[in-house]
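The sequence lines fix the lettering, A, B, ..., with proteins before strands; numbering per chain opens at 1.
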Amino acid sequence: MAKYPTEPLKLWNKAKEIRETFYRNYAEAHDKGGIRWAGGAWTFDAVPAGLGEDVYSLTSEPYGASLAFNRKLSLECLEATENAGWSRDLCSYMRNYWGSIIINKYAFGGPFPKPDFIWQDHICCSHAKWYQVVSELEGGIPMWCVDVAAGGCEPFMGLSPARIDYVAGQLLDGIDWLEKTTSRRFNDELYIEACWNDFRSTHKWAEICLLNQAVPAPLDEKSMYSLYVLATLQKSWKVIADFYEELYKEVEDRVKRGIAAVGNEKYRVISDTQPPWGFLKVFRYLEKFGCVSIGSLYTFGLEGMWNYTEEGQMIPRAMPDHKPKDREEATRMLVDWHLHKPEYQHFYSPKFKSDFMTAIANDWKLDGIMLHYNRGCEGLSLGIAENRLALQKAGYPVMTFEGNMGDEREFDEARTMQRIDAFMETLGAEQLEE
Amino acid sequence: MIEMFQEWYENRHEYAREWKKKNPDGKVLGYFCTYVPEEILYGANVLPVRILGSHEPQNVTEPHIFGMFCPFCRDCLAQGLEGRYDYLDGIMIAQSCLHIRQAFTSWHLHIPVPFSYYLPMPHHVQSPRAYTFLTEELKVFKKAVEDWTGRRITDADLDRGIEIMNRSRRLMKQAFETRKADNPPMTGLEAMYMSVSNQWIDKEEHSNILEIVLEKDLPGRDVGKSDVPRLILLGSEDDDTAFVKMAEDCGSVFVIDDHCTGTRYFWNEVQPREDRLAAIAARYVDRPACPTKDWPRRSRLDHVLELAQDWNVAGAVVIQQKFCDPHELDIPPQRKNLGENDIPSLFLELDVTVPIGQFRIRVEAFLEMLSQEDLF
């Protein structure tokens, strides 16, 4: 018998509907006279929102993950990319994405919808190059890319004004470029509203993650993937910002009533980077041991904005104290907001990432940590070996498993399950009766 | 005198230790990427030495760097973990690829030195914003070096640093120009010793020897390479002398390259202006790009093609460090562009050590293909 009561999330279907609408809107944009653009999940999507309310995007990483989840289609995409001469060890999201263009199949049905322009940013070795190739594959789509690698700062202290200026300047130049490229006038009111929605989405998502400190955890990692993903689609979209506020209330209510994501919760772990999307059953397998993964560095840090208290505890970064008044202020606020986010700062030192994970381990009451040595993403695997050493030094049992978020050929399912067995044994967990 | 470069290449650590003895007030700084502004370091009486690998199998980096990152970055870190750079007073990196960044961050964590610096060299070098940004970062860096060395870096110091670097670049370019001749006066291997040793020998000393080599050694020199296929070598970091020697022994000559251990390091000079730091920044923003920074336009395609045509090559050897994402993202269009311009290419993937036997067969086949018009 389960230790805690459980129940499905009431907003589960709504999250699914929003995601479906997002991908459908992009595919059908031209039918309604709208514009399509493509760029990364990390990009400043609030900016193109200033072009009008009929402007729709396709963000690359979640799209790559959607392809990876469909293992048959993914293999077709990966092989098409390899046949075109690209190396097998490149980012697997990128290889899936390129393949989808090459074979001209959209993951959600029909041919791949060609974007009208590219709006990307760059911090890992692949971000800008990804879209250089997309542009070439599609016959030369106009491309704007912003360098956000303006340097690190001890999380989450201030970045120098010159560093903010560098990124903000590129965005402001980009707005001029957008006007020329689309022949549309940029609407500052829409832009400012989109920036505000961006702040709301990423602030509120961190607050939702904070609720998972509760025992039992109201959410598990596998479910969180379906919720955090909305911010990777379009964090500046009002529908998504509103959704997170609604979700917060539901999760808060679950905490009050002691509703668990996993009824037999006894052990708590987290993972770090993207999971092997074709094998999310890994998380269900943990449940057989009474173990729940309460999130990950990735779900917490990619779309959540955080700060540390003086005692080193993690808290959601406070919302800006006012709405921006004009384009320049909105741009600087947006840059300041995003350049401080954990997943950007983790690019500069493994220590930042180790500290972040240790803080989660302490405050979310973890028993252990699973690190995915992810061959599919060099950016988020950066420093992972050092993270392992640091977390062990901090006293946490660490399990590593090697795989690939988007290339099923590099994931050994049986071996991973065996490692989980051994890890559970380390934690003192035994398989529960069915 | 030309053999001096090989001697320096082989005895890099002994050289640096001797330099410290001769310059008790000077400091030695190890750097991980050639975007590091050495002008400022020379201006502060700091000897910059590039941290490179030793091309030997090692077993010390596995706990620190995940095996999917390039062998070069792991080889570099191994040098530190094995204590071969124990004379360093500081380390630094200028922002480039994620792979080498890990060698720097692990070095920073496990091999403490008094000075450690991360310079956020902009990636978007095609944006006019990069000039101002880098100038501002150089101000911060200059201050950090002043605090570390305990001495102020004046305009006169910067002028001296700029002149030391520019002189070296002029002479290196002059030496590489001689390889345009139908009968190049040096082999690719000698050129590699010359350019790689330039990354850790005191530039003034290197330039003094290079001047003599240019005046006395090279004119009229015959290395027996007048009638063999002329090649360009390009791709990831490469100081693999064993490979270059093998390929040239098969009957070829490398006459030019596009590597950060070669031409990319010295190709352009600082153009003097009143604001010295702005002048230095412009030099690094404008230099031939590393693939990490070559976007949205692919400027490297034209640059490499121009080198290949100006040095009249018959073919290209494109090498890539295993798992080197930036070059993996450039190599297919690079080879396509060369092919469309009638320059065939051979692609090889390098690891810390090179399978010489297997590569020899591939190089021989490639050279045979290049010579087929002569045969038939």
Self-check item: Part of A:R163 lying under 4.5 Å from any heavy atom of chain B
Solution: both

Practice problem: Would you check if the distance from the ring center of B:W295 to the ring center of B:H123 is below 6.0 Å? | Solution: no

Quiz prompt | Engaged part of A:L382 at the chain B interface, taking heavy atoms whose separation is under 4.5 Å | solution = both

Practice problem: Can you label the angle between the B:F115 ring and the B:W148 ring as parallel, tilted or perpendicular, going by 30° and 60°? | Solution: parallel

Exercise. Side chain from CB out, backbone as N, CA, C, O: work out which of these in B:H108 comes under 4.5 Å of a heavy atom of chain A, or both, or neither.
Key: neither

Practice problem: Pick one of side chain, backbone, both or neither for B:R335, based on which atoms fall under 4.5 Å of a heavy atom in chain A. | Solution: neither

Quiz prompt | Which atoms of A:S381 approach chain B - backbone, side chain, both or neither, heavy atom under 4.5 Å | solution = both

Practice problem: Among B:D294, B:D330, B:D325, find the one that has a side chain to side chain donor-acceptor pair (under 3.5 Å) with A:K129. | Solution: B:D330

Practice problem: Please determine, among A:S349, A:A150, A:S126, the option with the most heavy-atom pairs under 4.5 Å with chain B. | Solution: A:A150

Quiz item: Contact part of A:I123 toward chain B, heavy-atom cut-off under 4.5 Å: side chain, backbone, both or neither?
Solution: backbone

Quiz item: Is the centre of the A:W42 ring less than 6.0 Å from the centre of the A:Y344 ring?
Solution: yes

Quiz item: Contact part of B:F69 toward chain A, heavy-atom cut-off under 4.5 Å: side chain, backbone, both or neither?
Solution: side chain

Quiz item: So which residues of residues 392-406 of chain A are in contact with chain B at a heavy-atom cut-off of under 4.5 Å?
Solution: A:E402

Exercise. Heavy-atom distances under 4.5 Å only: say whether A:N387 touches chain B with side chain, backbone, both or neither.
Key: neither

Practice problem: Name the region of A:Y131, side chain, backbone, both or neither, that has any atom closer than 4.5 Å to a heavy atom of chain B. | Solution: neither

Quiz item: For atom CZ of A:R409, is the number of surrounding heavy atoms from other residues, nucleotides or ligands below 6.0 Å larger than 12?
Solution: yes

Exercise. Could you tell me whether A:K353 sits above the aromatic face of A:F356, with NZ or CZ closer than 6.0 angstrom to the six-membered ring centre and within 45 degrees of the axis?
Key: no

Practice problem: Answer with side chain, backbone, both or neither: which region of B:I65 has an atom nearer than 4.5 Å to a non-hydrogen atom of chain A? | Solution: backbone

Quiz item: Which region of B:E328, side chain (C-beta onward) or backbone (N, CA, C, O), has a non-hydrogen atom less than 4.5 Å from a non-hydrogen atom of chain A, or is it both or neither?
Solution: both

Self-check item: Side chain / backbone / both / neither for B:L109 at chain A, heavy atoms under 4.5 Å
Solution: side chain

